[in-house]
There are 2 protein chains.
Amino acid sequence: MLTDRQLLILKIIVDDFIRSGQPVGSRTLSKKEQITFSSATIRNEMADLEELGFIEKTHISSGRVPSQKGYRYYVDHLLPPFRLTQKDVQTIRSIFNEQIYELEKLIQKSAQILSDLTNYTTVVLGPSVKEHKLKTIQIIPLNAETAVAIIVTDTGYVEKHVVTLPPSIPTSDVEKMVNILNDRLTGVPLEDLTDKIQTEVAHVLREHIQSYDHMLRMISTPLDLNAPAQMFLSGKMNMLRQPEFNDIDKLRALFNVIEQEKEFYRLLRKHKQQGVQVKIGTENDVEGMENCSLITATYSVGGEKLGTIAVLGPTRMEYSRVISLLNLVATDLSNVLTMWYQKD
Amino acid sequence: MLTDRQLLILKIIVDDFIRSGQPVGSRTLSKKEQITFSSATIRNEMADLEELGFIEKTHISSGRVPSQKGYRYYVDHLLPPFRLTQKDVQTIRSIFNEQIYELEKLIQKSAQILSDLTNYTTVVLGPSVKEHKLKTIQIIPLNAETAVAIIVTDTGYVEKHVVTLPPSIPTSDVEKMVNILNDRLTGVPLEDLTDKIQTEVAHVLREHIQSYDHMLRMISTPLDLNAPAQMFLSGKMNMLRQPEFNDIDKLRALFNVIEQEKEFYRLLRKHKQQGVQVKIGTENDVEGMENCSLITATYSVGGEKLGTIAVLGPTRMEYSRVISLLNLVATDLSNVLTMWYQKD
DNA sequence: ATTTAGCACTCGCTTTATTAGAGTGCTAAC
DNA sequence: GTTAGCACTCTAATAAAGCGAGTGCTAAAT
């Protein structure tokens with residue numbers, strides 16, 4: 001559909017605009033060494049590209065700027081192969097050299113490094129704890145009225161919640177209850193816990209425990225948080241430095257979205273299959289993100305998706321570099337996690 | 001030193017400027033009902049006030065704006081008494097009506113409500129966990145190589161850390177160690193733990209435990225985090241809405257400070273004694289905070305300071321209102337915490 | 001049939017003028 | 001001591017002018 005020459009011009013326009021942030025004119029293009037024909041020819045080609053919707057003018061006599069369709073085509077067909085620098089690779093590898101054994105910290109660190117390297121914002125969706133299996137429940141009385149209930153999963157995830165104890169419950173009862181819970185529930189995925197408690201544990205507790213009712217409510221509060229997977233944002237302030245957000249109103253609009261977080265939650269959850277995915281401008285279908293692109297990748301354990309890691313930047317984003325970086329982080333993260341969890 | 005009339009004029013200038021953000025001229029002042037004399041008189045008085053350093057002009061023929069010294073005087077001597085609305089009081093009380101039993105969550109909620117009510121940024125310095133007393137240590141093996149070490153304090157604070165186990169350590173040894181640690185260390189303030197382990201526990205462990213060395217290192221890693229008290233920021237983005245930061249460069253400068261966090265840490269720690277404290281502009285002695293004021297208050301348990309809660313806003317801040325709100329939050333917080341912790 | 005040179009034209013941006021408005025300081029009268 | 005009056009200053013807003021980058025079109029060259 002597009003001639004080679006048109007592709008060349010489109011590619012150079014996008015590359016140049018990503019680099020400079022300025023609309024690209026025919027004269028600028030004609031000076032590029034890849035280009036052997038005159039500015040007049042370029043003007044003709046650009047007029048065609050514009051008619052086809054790949055580029056547009058910011059005003060009637062300005063240079064051209066990629067349209068959303070232009071970026072899309074660029075990302076799909078024209079992406080220059082990108083060699084990460086040794087330095088970038090090392091920085092990323094440094095995440096995994098430190099002895100971090102906690103998923104949460106590892107994820108946060110990854111997000112932070114990625115936002116530092118790209119100068120954009122990184123969003124990470126942590127794994128949903130729902131599928132993690134219960135390792136142990138502990139109830140540690142703090143004083144006569146309160147105790148802290150702690151739930152540990154096989155992945156080392158710890159959830160804690162301070163609860164009130166029923167008045168004048170014997171300590172032995174608390175211990176009994178904890179024993180019963182651990183006996184029956186170890187290895188059960190968190191999402192099945194409440195069910196399982198109702199069907200299999202409740203009647204046993206009723207027999208052995210005073211204030212069985214209160215105790216049961218007490219233990220289910222921390223559970224039915226039904227925790228929506230945690231989300232981490234890193235480098236929000238990098239957006240301040242993007243020239244497209246020099247306008248304070250655009251900035252406010254953007255941060256309204258960023259602070260919401262729930263939109264990101266939706267967007268990151270949408271990414272199911274493997275691989276890197278690029279959503280440009282309105283493709284994200286979020287008000288206030290018209291000028292942003294979101295590049296997402298999943299990380300997984302042995303092929304099973306755990307969560308999503310994404311970079312948010314202006315549509316005028318260094319797609320090539322960000323995709324490479326994100327890809328590296330996601331695969332490295334997956335490899336490390338697979339090593340952690342696969343062995344049992 | 002200042003005449004009553006000068007005080008009146010100064011107060012009205014500050015009030016009006018806080019309200020409108022615009023320099024205040026003699027004509028505007030003369031229209032206020034409290035003022036019974038002419039604009040010419042006001043001009044004379046203003047010239048004097050300027051000479052004394054309480055107000056300044058933004059340019060040679062502009063109205064006047066409070067200087068830092070002016071704000072200082074206003075806060076020290078002219079603060080109008082402020083009646084919180086019933087609504088504000090209720091919103092704040094709502095923090096404590098919900099059944100939150102966790103210090104951390106309570107603090108975060110307070111910060112969030114405070115930033116919502118003021119439209120400024122709230123910073124809270126959590127209590128240093130160093131003084132909390134150990135309730136229990138648990139080591140929960142996850143698989144052959146890793147375990148999660150959990151430390152619970154008498155305040156319900158939970159610290160967790162995933163550690164590696166020495167190769168082929170018997171489970172019984174882990175249990176033994178945990179028992180020994182709990183026997184000897186329960187009730188010990190966290191800050192003394194490492195010492196106490198070295199002096200009193202190490203030799204006992206050495207007798208009973210294989211790989212005593214590795215195990216000891218393992219348990220001390222999560223401890224010597226030496227956690228600098230946690231800090232929470234809420235409502236950073238409120239600063240976007242302050243007209244003084246409409247200029248993108250000032251905004252960037254401000255966020256450079258805010259993101260640093262360590263400066264706040266220093267500032268909030270400085271506040272030792274009881275009561276509300278106001279630091280205006282350069283009084284904070286932080287580059288980038290020249291146009292900001294920080295209002296701090298401490299919260300405490302039975303008179304003993306736990307942490308600091310502060311509101312950050314532009315120097316042109318609603319001092320009266322913020323002080324009242326902050327005061328209410330801090331005392332309510334202190335009361336609730338005193339009820340929690342005082343009873344044992 | 002392409003490609004290119006040339007040219008008139010458009011539009012945004014920056015600079016310069018112009019003006020209106022708010023506010024001041026000073027003087028002289030009250 | 002207070003005030004009215006006035007000349008003066010400076011900002012902010014608006015308008016006018018010029019520059020430069022870029023375009024589209026036409027006609028000539030390949």
Side-chain angles (χ1 to χ4, degrees), chain A residues 2-10 12-14 16-17 19-67 70 243-244 246-248 250, chain B residues 2-10 12-17 19-67 70 243-244 246-248:
Chain A
L2 293 179
T3 67
D4 280 354
R5 196 164 65 188
Q6 287 174 320
L7 291 183
L8 178 63
I9 290 175
L10 177 56
I12 298 182
I13 289 178
V14 179
D16 203 76
F17 182 66
R19 192 183 48 74
S20 70
Q22 297 302 318
V24 188
S26 58
R27 222 179 99 76
T28 316
L29 280 186
S30 72
K31 276 186 261 169
K32 302 271 170 183
E33 61 177 37
Q34 301 116 297
I35 286 192
T36 54
F37 33 91
S38 76
S39 64
T41 313
I42 295 170
R43 281 201 287 283
N44 289 332
E45 296 287 29
M46 289 206 292
D48 291 349
L49 281 171
E50 181 171 10
E51 200 169 356
L52 293 168
F54 291 101
I55 53 180
E56 46 197 35
K57 299 184 228 176
T58 59
H59 57 87
I60 189 102
S61 76
S62 75
R64 303 307 210 289
V65 156
S67 68
E244 18 271 294
N246 268 349
D247 179 21
I248 199 95
K250 283 191 186 144
Chain B
L2 294 179
T3 66
D4 281 354
R5 197 164 66 189
Q6 287 173 323
L7 292 183
L8 177 63
I9 290 175
L10 176 56
I12 297 182
I13 289 177
V14 179
D15 280 335
D16 203 75
F17 182 67
R19 192 184 47 73
S20 72
Q22 296 302 317
V24 188
S26 57
R27 224 180 97 75
T28 317
L29 281 186
S30 72
K31 275 187 258 166
K32 303 274 172 181
E33 58 177 44
Q34 301 115 298
I35 285 190
T36 54
F37 33 93
S38 77
S39 65
T41 312
I42 295 170
R43 281 200 290 282
N44 290 332
E45 296 286 30
M46 289 204 293
D48 293 348
L49 281 171
E50 182 171 10
E51 200 169 356
L52 292 167
F54 291 100
I55 53 180
E56 47 198 34
K57 300 185 228 177
T58 58
H59 58 88
I60 187 105
S61 76
S62 75
R64 302 308 209 290
V65 157
S67 68
E244 17 270 295
N246 268 349
D247 179 20
I248 198 95

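Every chain is numbered from 1 and lettered A, B, ... according to where its sequence line falls, protein lines coming before strand lines. Quick caveat, the model's predicted, so the values are computed rather than measured. Side-chain atoms are counted along with the backbone in the values below, which use heavy atoms only and exclude waters and symmetry mates.
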> Would you say A:S39's side chain and A:S26's backbone share a donor-acceptor pair under 3.5 angstrom?
no
> What is the separation between atom CZ on A:F37 and atom P on C:dA5, rounded to the nearest whole Å?
13 Å
> Answer yes or no: is there an ion pair linking A:K250 with A:E244, defined by an N-O contact shorter than 4.0 Å?
no
> Distances under 3.5 Å between protein N/O atoms and the N/O atoms of nucleotides 15-17 of chain D, please, pair by pair.
none

> A:R27: what forms a salt bridge (Lys or Arg N to Asp or Glu O under 4.0 Å) with it, not counting sequence neighbours?
none
> Got a second to check how far B:I9's CD1 is from B:K32's NZ, nearest 0.5 Å?
13.0 Å
> Do the charged groups of A:R64 and A:E50 touch, with an N to O distance under 4.0 Å?
yes
> Considering non-hydrogen atoms only, spot the tightest contact between B:F17 and B:V24 and give its length.
N-CG2, 4.0 Å
> Return the value, rounded to whole Å, for the distance between atom CG of A:N246 and atom C1' of C:dC13.
16 Å
> State, yes or no, whether a side-chain contact exists between B:E45 and B:F37 at a heavy-atom distance under 4.5 Å.
no
> Take atom CD of A:E51 as the centre, draw a 6.0 Å sphere, and report whether it contains more than 12 heavy atoms from other residues, nucleotides or ligands.
no
> Ignoring the backbone of A:H59, work out which of C:dT4, C:dG12, D:dT3 is nearest its side chain.
C:dG12
> Would you give a per-nucleotide map of nucleotides 21-28 of chain C, 5' to 3', where B means the base has a protein non-hydrogen atom under 4.0 Å away, S means only the sugar-phosphate does, and - means neither?
-BSBB---
